[in-house]
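Down below is the structure, laid out as structure tokens.
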Protein chains: 2
Amino acid sequence: MVREGQDESDAFATEVCWHYYVNGMTQGEIAKFLDTTRLRVNQAIQRAKSLGMVKVRIESPFVARVELQDRLRRQLGIERVIAAPARRDAYDYHGSVGAALAAVVTERLRTKAWRKIGVSWGMTLEAGIQKLPQLANPDVEIVSMLGGTMQGASFNSFSIASGFAAQLGASYSLLAAPIFLSEGVDRDLFLSQEIFADHFAKFEALDAAILTASDISPRSYLVANGLPEEFSPAAITEAGAIGDVLGRFLDEEGRTIDHPLDRRTIGVDLDVVERTPEKILAAAGPHKVEIIRAAARRGLIDTLITDDVTAELLVEPSEGRKTATLTAEQRAG
Amino acid sequence: MVREGQDESDAFATEVCWHYYVNGMTQGEIAKFLDTTRLRVNQAIQRAKSLGMVKVRIESPFVARVELQDRLRRQLGIERVIAAPARRDAYDYHGSVGAALAAVVTERLRTKAWRKIGVSWGMTLEAGIQKLPQLANPDVEIVSMLGGTMQGASFNSFSIASGFAAQLGASYSLLAAPIFLSEGVDRDLFLSQEIFADHFAKFEALDAAILTASDISPRSYLVANGLPEEFSPAAITEAGAIGDVLGRFLDEEGRTIDHPLDRRTIGVDLDVVERTPEKILAAAGPHKVEIIRAAARRGLIDTLITDDVTAELLVEPSEGRKTATLTAEQRAG
DNA sequence: AGTGATTTTTTACAGATGTATGCGTTGTCT
DNA sequence: AGACAACGCATACATCTGTAAAAAATCACT
């Protein structure tokens, strides 16, 4: 050509991409058609992609959610994120997340050979039970991962494990103890009872754990109904806690806070939970953003189930909102 | 899922496409990641494409031209179209087309083992010679496909073949005869001369033909300089002709017109040209639109070299201008 | 429960794609 | 002119992709 190299090569790449993407020709066909080698065509496509000449856009109502999930997944460094679409007009923190949790558990049970599933408790998990279909999994055992509350407003904390078991057609194993021991009770002595030893041994053998997280506020079922009188929410916050997972209060970095309350908690140790093969944490609500981040940092989440409202709040504000139109240069490598 | 099937499957397809196109994951990786089979992922991508969910856009200054060429190529039913970018401020019909012709010929000579190249003549081909680099093709013979003019304004019609040969470093073979025999000369007798028989035999053995086309107007070098006095342009038009290729006047359908002039023309028969393996026709200008269409219909064009202005005029107005953003559903089949 | 029909899942295989290797050509420097 | 380096090209090969057929599972019906 009389024209200079850059133009010519761009024009060539343009024509190659046109045939490839628009006309659907194969690289070999294009090479034959343009009297060149397949290698050249292949390289032209790769160059065009890396130059951002080829733009792939996915048009679907689900794109925003998928993108959000993907970004959050990378940011939190966890395996999977599900951001269920929340009702923005009647936002309740639990409805959509519960449905998504039910769907995930159902799907997982269909394909995985889970035997023991550890469960936490709380309003989010209660919502999940409501959405579960009736299944038959006689080989599955639902293992309660922490003690229960002695009083409550809406549901019995022990009923979470049994409720899961009932819907899943599974057996269950409760931890028949208060979540927080009374003052003066010797923890080691209490737990030395044989029945507890058997139960704690199951924690090490869980195939999956269904968790939730709460902040420290009256909205937290645990704080509202379970906290011993001598521990005020303010005192726990003072100690650096921003919320709890399984009754264990964590600081911003996901570390268990050093506080007398922790030594009175009856339930699985978070270090044990970390070793569980599949950890599903379901939680939503603007007030839970910090504790979800902390739980992720602690390594307590493989699959995060939340809603799109919370997910939006979870993503780093620094990471500017990307458009759904992205370059597909990734195929190059 | 609690949601209905359509939504779920669309959401799934969206997520799959996201991973595939945006994250650049392989179908197998996505299947493993989403706990499903590669088949499902493959089908989801195909469904998304066929639903128009995936849009591929090529962003390049050359897109418009490439698209134009491709559309024209299909419409004319020829192998290749090159629409060189014309200078719209100083439009001359020949500059850009000549450069493109030179580029094509150079490229073809580099890769193809052409031995005999037939050439027409005219201002467009003259422009091509000007843009040809100096090459060395001692094994190539340039064969003039028609007789010459006895007078002219700008260039000698015989110099086209010799000019090509000089630039290409090839030998040449002229047809030393007038393009139109004088009245009363017996054509068969004239052509029975041995030297012409040899030359005409070469027409059957051409590897390629470099052609052009003109309308019937003073802008045509042939009409202006070559037409016998007894044939007025009006008379030829009257006979149905809209232009000529190699001195053969064609009607709209590309048929050689039945006219006394045709029986006095000295040059290759168009039926012979049709059998030439590679026919390159270079022509541009709004006035040449009709004759280019006719030449294509006649099967005289494998590669059309024109400019973008002419190409725009050549495409059927009925075929609405498509946008450069097209669905890439073609990969499905 | 048994049986047949329908649908999924698995498996296999034929292209298509992306990459590395070695060879030949071109151009350049001494 | 000869040697060397750089570049491009053909080949080969390891995935990846798309599709069809076989096997298995599920479902509907008797």
Side-chain angles (χ1 to χ4, degrees), chain A residues 1 4-6 8-9 12-13 15-51 53-54 56 106-113 133-137 139 169 327-333, chain B residues 1 4-6 8-9 12-13 15-51 53-54 56 106-113 133-137 139 169 327-333:
Chain A
M1 291 269 181
E4 66 272 26
Q6 187 51 47
E8 182 185 346
S9 112
F12 177 72
E15 181 154 15
V16 165
C17 288
W18 183 269
H19 289 312
Y20 190 67
Y21 289 108
V22 179
N23 291 349
M25 291 167 73
T26 107
Q27 298 183 0
E29 285 172 340
I30 296 168
K32 192 147 53 77
F33 181 71
L34 297 180
D35 250 310
T36 180
T37 64
R38 196 170 65 73
L39 181 65
R40 240 171 217 308
V41 171
N42 186 296
Q43 288 170 339
I45 292 171
Q46 286 183 37
R47 191 157 37 79
K49 285 196 287 197
S50 71
L51 289 174
M53 198 187 282
V54 180
V56 177
T106 304
E107 168 66 18
R108 277 289 195 269
L109 275 171
R110 212 173 56 77
T111 53
K112 303 280 182 177
Q134 181 62 54
L135 301 173
N137 298 90
D139 294 337
T327 308
E329 78 235 63
Q330 296 78 355
R331 307 295 309 285
Chain B
M1 291 267 185
E4 67 271 25
Q6 187 52 47
E8 182 185 349
S9 110
F12 177 72
E15 181 155 15
V16 165
C17 287
W18 183 270
H19 289 312
Y20 190 67
Y21 289 106
V22 180
N23 290 349
M25 290 168 74
T26 168
Q27 297 183 1
E29 285 173 339
I30 297 169
K32 191 149 52 81
F33 181 71
L34 298 179
D35 250 309
T36 180
T37 65
R38 195 169 65 75
L39 181 66
R40 253 173 204 304
V41 171
N42 187 295
Q43 288 171 338
I45 292 171
Q46 286 183 40
R47 189 159 37 78
K49 284 197 289 197
S50 72
L51 289 174
M53 198 187 281
V54 180
V56 176
T106 304
E107 168 66 18
R108 277 288 195 271
L109 275 171
R110 213 171 56 76
T111 54
K112 304 278 181 181
Q134 180 62 54
L135 300 173
N137 299 90
D139 294 336
T327 307
E329 78 234 65
Q330 295 80 355
R331 305 297 308 285

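Every chain is numbered from 1, with letters handed out A, B, ... down the list of sequences.
At distances below 3.5 Å, at least one donor-acceptor pair connects side-chain atoms of Thr26(A) with backbone N or O atoms of Glu29(A).
Between Gln134(B) and Gly169(B), the shortest heavy-atom distance links the atoms NE2-N, 4.1 Å. Taking each heavy atom of Phe33(B) and His19(B) in turn, the nearest pair found is CE2-NE2, 3.6 Å. For Cys17(B) against Ile45(B), the heavy-atom pair with the smallest separation is SG-CA, 4.3 Å.
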Are any protein N/O atoms closer than 3.5 Å to N/O atoms in nucleotides 22-28 of chain C? If there are, list each pair with its distance.
none

Anything under 3.5 Å between a protein N or O and an N or O of nucleotides 5-9 of chain C, put it in a table, one pair a line.
unit_1: dT9(C); atom_1: OP2; unit_2: Arg40(B); atom_2: NE; d: 3.0
unit_1: dT9(C); atom_1: OP2; unit_2: Arg40(B); atom_2: NH2; d: 2.6

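For Gln46(B) and dT17(D), the shortest distance from a side-chain N or O to OP1 or OP2 is not below 4.0 Å. Dashed line: the shortest gap from a side-chain N or O of Tyr20(A) to OP1 or OP2 of dA16(C) is not under 4.0 Å.
Looking at Leu34(A) and Phe12(A), their side chains come closer than 4.5 Å, going by heavy atoms from C-beta outward.
With sequence neighbours left out, Gln43(B) forms a side-chain contact (heavy atoms from CB on, under 4.5 Å) with Leu39(B). Contacts of Asp35(A) classified as side-chain contact (heavy atoms from CB on, under 4.5 Å), with partners at least two apart in sequence or in another chain: Arg108(B), Lys112(B). Residues satisfying the side-chain contact (heavy atoms from CB on, under 4.5 Å) criterion with Asn137(B), sequence neighbours excluded, are Leu109(B), Leu135(B), Val140(B), Leu168(B). Scanning for salt bridge (Lys or Arg N to Asp or Glu O under 4.0 Å) contacts around Glu107(A) gives Arg110(A), with sequence neighbours left out.
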Could you walk me through whether Val41(B) and Thr36(B) pass the side-chain contact (heavy atoms from CB on, under 4.5 Å) check?
CA-CA 8 Å; Val41(B) 171; Thr36(B) 180; 4.0 Å; yes
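The terminal axes of the helix from dA1(C)-dT30(D) to dT30(C)-dA1(D), fitted over 5 pairs per end, subtend an angle of 10° to the nearest 10°.
For Thr26(B), counting side-chain heavy atoms from C-beta on, the closest listed nucleotide (dC16(D), dG18(C), dG18(D)) is dC16(D).
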